[in-house]
Amino acid sequence: MQKSPSRRRLRKSRKVESPKREGQKKRRRFLPSFNFNSQPQTPNIKTRLLIVWGVLVAAGLGLGINLYNLQIVQGPKLKEKARNQQMVNLRPFVTRRQIIDRNRTVLAIDRPVYTVYAHPKLFNKSNQEIAKLLAPIVDKDVTELKNKFDNKKSGILLASAMPEEIANRIFALRLNGLELIQKYSRFYPQQDLVAEVVGYVNLDRRGQAGVEYSQEKLLERSVQAVRLSRTGNGSLMPDYAPDGFPYSDDLQLQLTIDSRLQRIARAALKQQMDKYSAKRGAVIIMDAWDGSLLALASLPTYNPNEYSKADISLFKNWTVADLYEPGSTFKPLNVAIALENGVITANDTFNDPGYIQVGDRTIKNAENKSYGRINIAQILQHSSNIGMVQIIQRLQPSIYYGWLEKLGLGQAVSTDLPFVVASQLKSQEKFITLPIEPATTSFGQGFSLTPLQLVQMHGALANGGKLVTPHVVKGLVDSKNQMHYTPTRPAPRQIFSSITAQQVVEMMETVVADGSGKASQIPGYRIAGKTGTAQKASSSGGYISGARITSFVGILPVEAPRYVVLALVDEPKGANAYGGTVAAPIAKAVMEALITIEQLPPSQAIRQ
């Protein structure tokens with residue numbers, strides 16, 4: 001069958017197509033199936049603008065609300081938080097106040113010291129050369145130093161508290177590899193001279209004894225912390241420091257102690273202690289008009305610059321921290337009590353047969369002596385126990401006990417020295433019930449007190465009958481000697497009348513002139529005194545066999561009493577160890593110095 005020409009032309013036309021159309025076919029094979037016959041959907045531009053505008057308005061509104069919250073609602077809190085991050089609290093280091101005596105002699109001072117490290121890896125010379133240069137300065141062996149440098153390359157400690165004058169010698173060498181770190185250390189120029197009064201501070205710069213401990217608040221300068229701005233890297237901004245920062249006052253803690261008297265008292269005490277091989281001793285000098293202590297020396301003692309080497313028992317001043325029975329040095333006070341109560345007069349006499357029976361006890365004089373008919377002054381001269389018992393027996397025990405309490409027995413003496421202990425007195429019931437208690441108390445046994453309290457009581461005889469407060473702190477004084485602070489102390493208490501006090505002092509003068517206190521005589525001066533040689537009480541009860549405490553208490557000048565001097569020596573050895581032989585010479589040496597320093601004129605009545 002023959003195909004028609006029209007169909008042939010149609011097939012041919014399908015086979016022969018233009019290259020352009022053929023390319024479109026190929027591209028269509030790789031495109032996804034779309035309906036190319038429909039028109040594309042164009043987004044509405046107005047809607048887009050509304051959406052964008054809405055988003056921006058919402059974002060701006062949110063930012064505004066957040067900004068309001070940050071600046072208005074939380075503003076003060078966030079500002080304070082930021083301020084705290086930008087500021088730093090700084091308490092500047094200030095030195096501890098100096099301690100000076102009444103003549104402005106420095107007793108304690110902060111001085112710069114250096115911790116010295118060696119870093120051999122930074123040395124610009126050989127280890128041997130560096131060791132030779134440093135050995136004489138740091139007081140070490142050359143070989144020892146070189147071995148240290150060879151074995152360790154950095155951080156070798158050469159000294160922990162090198163004084164500035166020695167550190168300057170190291171600075172002068174100009175050596176690389178040496179590190180000197182400055183700090184401050186407490187220094188006591190007088191070494192052990194006033195250690196029992198001044199005390200010491202530990203490595204944390206805290207007082208541990210003496211006024212360094214009791215007057216901590218006065219010695220620490222009151223510098224408050226300040227707030228300084230700092231930069232982003234933490235550096236301080238000095239432009240924002242307050243005016244006057246840092247500030248340190250020039251106040252010093254002045255004591256009533258006189259270093260000259262202290263030195264003389266220490267020397268006289270040591271001489272007698274060495275002579276009699278004594279256990280310990282003390283000397284106290286008090287101005288009875290106001291209670292200021294001019295000297296308070298005790299042995300043995302310690303060097304506060306090297307307190308770590310000392311016996312810790314020495315850190316407590318035994319003149320305020322230990323009790324003892326005063327013995328005969330208490331007799332003048334009992335005479336004053338009896339005179340004040342009118343049970344005796346200054347001219348009364350008593351018979352001393354050498355012994356007296358009290359209950360089931362027999363009381364005797366020292367060495368079993370008897371003195372026959374003697375007056376009150378002679379009772380003190382000879383230190384008659386029998387005469388004292390007879391005097392006190394004229395007092396009712398309850399009245400006598402009340403006077404002992406009035407004097408301060410059973411209480412701690414008020415003072416600015418630390419570690420004070422209270423004196424001991426038997427209970428009132430026992431004292432009143434047992435006749436032996438008032439009897440033994442009459443000659444200074446059966447109770448105990450501190451040496452400082454005995455001085456305080458004798459001060460009442462020296463100043464017209466007033467009980468004053470013994471103290472060593474005068475106050476805070478500046479560099480121009482202007483006083484800025486004076487401690488408040490209890491007002492003096494009137495114990496005895498001035499007439500009674502003067503009568504007893506004049507009786508005590510006969511002890512020095514004609515009695516057991518002759519070793520304390522000073523030509524041209526009227527001196528009152530009383531010796532004491534007391535048995536030493538045992539902590540377990542009774543008395544220690546052969547142990548005694550020798551003492552002498554003096555008052556001068558008799559015509560115008562003012563100064564009280566107590567010399568005390570514990571457990572002197574030897575057959576001739578008594579208050580008049582051991583303690584009185586110490587008091588004499590001290591009183592001679594006191595007369596010179598205080599420029600006391602000679603008494604008008606000069607005894608040949």
Side-chain angles (χ1 to χ4, degrees), residues 92-100 105-196 198-210 212 219 248 259 263 266-267 270 274 299-315:
F93 172 82
V94 291
T95 57
R96 196 175 175 92
R97 288 194 175 105
Q98 293 183 22
I99 301 177
I100 59 176
T105 301
V106 177
L107 306 178
I109 186 174
D110 273 9
R111 66 170 182 173
V113 294
Y114 293 83
T115 302
V116 184
Y117 292 97
H119 306 288
K121 65 181 181 181
L122 302 177
F123 286 170
N124 56 355
K125 296 182 179 181
S126 68
N127 291 350
Q128 180 70 24
E129 290 177 300
I130 299 291
K132 284 183 178 180
L133 291 172
L134 292 179
I137 299 177
V138 299
D139 194 24
K140 293 184 182 296
D141 182 70
V142 175
T143 305
E144 178 188 352
L145 275 182
K146 182 181 180 300
N147 290 337
K148 286 185 177 181
F149 297 158
D150 291 340
N151 295 331
K152 193 175 180 181
K153 295 302 180 184
S154 183
I156 300 172
L157 179 65
L158 298 181
S160 58
M162 179 176 287
E164 189 173 30
E165 59 272 16
I166 298 178
N168 287 337
R169 294 170 59 188
I170 294 181
F171 283 123
L173 295 176
R174 299 182 179 278
L175 298 173
N176 288 342
L178 296 179
E179 181 184 11
L180 286 82
I181 302 173
Q182 187 188 61
K183 61 181 181 179
Y184 281 86
S185 175
R186 200 65 162 167
F187 179 63
Y188 303 92
Q190 309 303 321
Q191 298 185 9
D192 64 350
L193 181 63
V194 284
E196 53 273 83
V198 174
Y200 72 97
V201 297
N202 61 11
L203 294 176
D204 296 326
R205 299 178 58 79
R206 294 297 177 188
Q208 301 297 300
E212 291 274 30
L219 290 169
S248 177
S259 295
R263 187 170 287 105
R266 175 70 56 80
K270 186 177 187 304
D274 291 344
L299 290 175
T301 187
Y302 65 99
N303 185 348
N305 293 315
E306 300 176 340
Y307 65 86
S308 60
K309 300 178 182 179
D311 184 342
I312 60 173
S313 64
L314 299 177
F315 297 153

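Residues V113 and P163 approach most closely at CG1-CA, 4.3 Å, considering heavy atoms. Of all the heavy atoms in A195 and Y302, the pair that sits closest is CB-O, 3.3 Å. When every heavy atom of P120 is checked against every heavy atom of S154, the shortest pair comes out as CD-N, 3.9 Å. Across all non-hydrogen atoms, the minimal contact from V138 to L145 is CG2-CD1, 4.0 Å. P136 approaches R169 most closely through the heavy-atom pair O-NH2, 4.4 Å. Between H119 and G155 the shortest heavy-atom distance is ND1-N, 3.0 Å.
Using a 4.5 Å heavy-atom threshold, the side chains of L178 and L134 count as touching. Proximity of Y114 to I166: side-chain heavy atoms (C-beta onward) are nowhere separated by under 4.5 Å. Using a 4.5 Å heavy-atom cutoff, the side chains of E165 and R111 are in contact. At a threshold of 4.5 Å between non-hydrogen side-chain atoms, the residues Y117 and I156 do not count as touching. Inter-residue side-chain proximity for N303 and K309 is flagged as unmet; no heavy-atom pair is nearer than 4.5 Å. In this structure the side chain of I137 never reaches within 4.5 angstrom of the side chain of L158, judged on heavy atoms. Between R186 and Y307, the closest side-chain pair of non-hydrogen atoms is not below 4.5 Å. Using a 4.5 Å heavy-atom cutoff, the side chains of Q128 and V142 are in contact.
Once rounded to the nearest 0.5 Å, the distance linking CG of L299 with CZ of R266 reads 5.0 Å. Interatomic distance, L175 CG to E129 CD, rounded to the nearest 0.5 Å: 10.0 Å. The OG atom of S160 lies 5.5 Å from the NZ atom of K183; values are rounded to the nearest 0.5 Å. Here the CD atom belonging to E164 is positioned 6.5 Å from the CD atom belonging to Q182, to the nearest 0.5 angstrom. For the atom pair D141 CG and K146 NZ, the distance stands at 12.0 Å (nearest 0.5 Å). Note that CD1 of I130 is 6.0 Å distant from CG of N124, once rounded to the nearest 0.5 Å.
More than 12 heavy atoms of other residues, nucleotides or ligands sit less than 6.0 Å from atom CD1 of I181. Within a 6.0 Å radius of CG in L203, other residues, nucleotides and ligands contribute 12 heavy atoms or fewer.
For D204 (side chain) and R206 (main-chain N/O), no donor-acceptor pair under 3.5 Å exists by modelled atom type. N176 places no side-chain N or O within donor-acceptor distance of the main-chain N or O of L122, the cut-off being under 3.5 Å.
The one candidate from R96, R205, R97 that meets the salt bridge (Lys or Arg N to Asp or Glu O under 4.0 Å) condition with D110 is R205.
The aromatic rings of F315 and Y200 are tilted relative to each other, their planes meeting at an angle between 30° and 60°.
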